[in-house]
Amino acid sequence: MKFNRLALVLFVCFTLSACGGNSSDGKSNVKAQNPKQEATASQGKAENAQVVKTQAGKEQEDTSYLKKMKCPENAKKMLFASDWSPLQTTNFDILSVNDDGTEITRLTDRSVWEGSPVWSADRCRIAYSALTDSKNEFDKDALLDIYVMDPDGSNRVRLTSTKENDDQPDWSPDGKRIVFMSERDKNREIYVMSSKGTDQERLTNSKANDEHPHWSPNNDRIVFSTHRDGNWEIYLMDLDGSNLVNLTKNKADDKDSAWSPDGNQMAFISNRSGIKEIYIMDKDGSNVRQVTRQNGKKPTIDQDIAWSPDGQWLAFAGTVTSKEGKDIQAIYKISLDGSKLVKAVNRDPSTSNSVEW
């Protein structure tokens with residue numbers, strides 16, 4: 001009878017030990033007993049961590065726009081024009097700079113005015129305008145023509161050669177055509193040509209000035225500024241110059257528009273508040289909202305707007321006071337809600353404008 005009791009006690013103790021009932025490390029025993037459940041739980045934690053990491057990455061920077069670029073190494077580079085020496089006010093060159101303000105590189109050096117640079121959609125070519133056959137911007141014989149070049153300033157090709165100014169080029173999304181402003185009709189009109197300079201065709205026909213054309217990212221419309229209504233308004237037209245639509249319809253001056261990368265919005269400069277400020281509107285002219293509220297504070301809004309490739313910032317040329325006490329233009333960037341204003345290019349005391357991003 002004693003033997004049976006002892007055997008029963010030993011059997012119960014052995015059973016409880018195997019089940020982890022009396023273990024001093026019960027948790028580890030439970031894990032060891034159910035390895036499949038442990039693996040599933042670990043996998044779930046890893047997946048959740050990956051999602052959080054991905055979401056955090058997107059909040060910091062969405063780089064999906066790079067997939068559309070053949071030369072994505074240039075996606076972070078801004079273009080602008082600047083007087084290389086403040087003493088030579090007519091000698092403007094085209095420069096590139098990283099969008100954090102580092103690595104300023106001079107791309108042109110012909111000792112004449114060169115400006116209005118614009119990236120092709122694939123970021124592999126730059127179109128721009130330059131004075132031809134003159135070293136003085138105020139020379140009566142000085143004329144602007146359209147050129148193209150590689151991102152490092154090489155392989156320059158002249159596309160236009162007329163007796164009047166051709167300026168303000170912009171690429172079609174496929175890089176096959178260029179829209180631009182021309183004064184060959186004794187006023188400013190919008191023209192289009194192939195990216196090789198052939199097949200030049202007039203799109204607008206107005207007694208007033210039409211300028212600053214920009215091709216939509218969706219390759220279906222062209223936006224431009226016009227004075228045909230007695231003040232500056234922003235118009236849309238089809239690629240053949242038909243179906244003109246006034247987007248702004250405001251008594252103030254609205255001009256210098258720029259498409260958002262997705263083609264759904266436009267930024268522009270307007271003095272509807274009494275001074276120049278930057279605004280954004282939907283592509284049909286609705287939902288207008290004000291971005292800057294400088295109210296005359298430096299930098300005052302001057303000219304040129306460019307949208308960052310990721311659609312999160314706007315760059316513009318603003319007037320500031322140099323360290324020598326003179327008013328000069330500098331390149332700034334601002335977030336879409338107007339909360340962050342940053343000086344993008346610091347070349348004081350030189351003047352910088354014609355910004356492109």
Side-chain angles (χ1 to χ4, degrees), residues 63-81 93-99 103 105-108 110 114-130 144-160 166-182 190-201 203 211-224 239 256-264 266-267 304-311 313-315 331 344 353-357:
T63 59
S64 59
Y65 64 92
L66 296 175
K67 297 178 181 179
K68 301 179 181 179
M69 299 179 182
K70 185 178 179 181
C71 301
E73 65 274 14
N74 298 317
K76 296 285 188 179
K77 292 187 179 294
M78 303 172 71
L79 302 173
F80 66 101
D93 289 308
I94 296 173
L95 298 88
S96 67
V97 61
N98 292 335
D99 59 14
E103 297 186 21
T105 303
R106 186 178 182 181
L107 302 182
T108 62
R110 290 180 52 237
E114 295 169 296
S116 301
V118 58
W119 286 110
S120 59
D122 62 7
R123 309 292 278 203
C124 295
R125 293 284 276 171
I126 297 170
Y128 66 101
S129 59
L144 286 169
D145 282 306
I146 307 296
Y147 291 74
V148 293
M149 64 181 173
D150 288 347
D152 62 358
S154 63
N155 295 324
R156 302 175 192 175
V157 179
R158 182 178 174 182
L159 300 185
T160 64
D166 296 323
D167 193 8
Q168 303 167 358
D170 192 42
W171 298 83
S172 64
D174 59 10
K176 295 181 179 180
R177 306 178 79 191
I178 293 176
V179 66
F180 62 101
M181 180 280 297
S182 178
I190 308 302
Y191 275 72
V192 68
M193 63 181 169
S194 75
S195 59
K196 296 181 179 180
T198 60
D199 302 324
Q200 297 185 23
E201 178 184 357
L203 296 182
E211 59 182 43
H212 290 108
H214 293 285
W215 215 298
S216 73
N218 298 325
N219 198 26
D220 58 352
R221 303 279 273 171
I222 292 172
V223 67
F224 65 100
L239 302 184
D256 292 345
S257 56
W259 290 96
S260 62
D262 62 8
N264 291 325
M266 295 178 202
D304 309 321
I305 301 181
W307 219 297
S308 65
D310 63 5
W313 293 83
L314 293 170
I331 307 301
N353 52 34
S354 294
V355 63
E356 159 72 354
W357 200 337

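- Looking at every heavy atom in both residues, L79 comes nearest to S96 through CD2-CB, 3.9 Å.
- Contact of the P213 side chain with the D170 side chain is not registered, since no non-hydrogen atoms from C-beta on lie closer than 4.5 Å.
- The side-chain contact (heavy atoms from CB on, under 4.5 Å) test with R156 is passed by exactly one of T108, I126, D150: T108.
- Taken to the nearest 0.5 Å, the CG atom of N264 stands 7.0 Å off from the CG atom of N218.
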Check step by step if side chain to side chain contact (heavy atoms under 4.5 Å, CB included) holds for W119 and M69.
CA-CA 11 Å; W119 286 110; M69 299 179 182; over 6 Å; no

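- Here the side chains of V179 and Y191 are not in contact, with every heavy-atom distance at 4.5 Å or above.
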Steps toward side chain to side chain contact (heavy atoms under 4.5 Å, CB included) verdict (V97, I331):
CA-CA 11 Å; V97 61; I331 307 301; over 6 Å; no

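- Looking at heavy atoms from C-beta onward, Y147 lies in side-chain contact with R110 at the 4.5 angstrom threshold.
- Within the model, atoms CG of D174 and OG of S195 stand 8.5 Å from one another, a figure rounded to the nearest 0.5 Å.
- Applying the salt bridge (Lys or Arg N to Asp or Glu O under 4.0 Å) rule to D167 yields no partners; only residues at least two apart in sequence or on another chain are considered.
- To the nearest 0.5 angstrom, I178 atom CD1 is 10.0 Å from Q200 atom CD.
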Full working for side chain to side chain contact (heavy atoms under 4.5 Å, CB included) between N353 and F80
CA-CA 6 Å; N353 52 34; F80 66 101; over 6 Å; no

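- Smallest separation of non-hydrogen atoms from A75 and R123: O-NH2, 3.4 Å.
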I would like to know whether R125 and V157 meet side chain to side chain contact (heavy atoms under 4.5 Å, CB included); could you show each step before the answer?
CA-CA 11 Å; R125 293 284 276 171; V157 179; 4.3 Å; yes

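- Taking CG from D304 and NE2 from H212, the interatomic distance works out to 6.5 Å, rounded to the nearest 0.5 Å.
- For the residue pair P173 and S216, the shortest heavy atom distance occurs at CG-O, 3.2 Å.
- No side-chain heavy atom of P261 sits under 4.5 Å from any side-chain heavy atom of P217.
- Counting all heavy atoms, side chain and backbone alike, W215 lies closest to L239 at NE1-CD2, 3.5 Å.
- Between the CH2 atom of W259 and the CD1 atom of I305 there is a distance of 14.0 Å, given to the nearest 0.5 Å.
- Residues meeting the salt bridge (Lys or Arg N to Asp or Glu O under 4.0 Å) test with D256, sequence neighbours left out: none.
- A salt bridge is absent between D99 and K77; no separation between the charged side-chain nitrogens and carboxylate oxygens falls under 4.0 Å.
- With 3.5 Å as the limit, one finds a donor-acceptor pair spanning the side chains of S260 and D262.
- Closest heavy-atom contact between W357 and A315: CE3-CB, 3.7 Å.
- Counting heavy atoms from C-beta outward, R177 and E201 have side chains that approach closer than 4.5 Å.
- A distance of 10.5 Å separates CE of M78 from CG of N98, quoted to the nearest 0.5 Å.
- Closest of all the heavy-atom pairs between D93 and E114 is OD1-OE1, 3.3 Å.
- The backbone N or O of T160 lies less than 3.5 Å from no partner atom in the side chain of D166, so there is not a single donor-acceptor pair.
- Between V148 and W171, some side-chain heavy-atom pair lies under the 4.5 Å cut-off.
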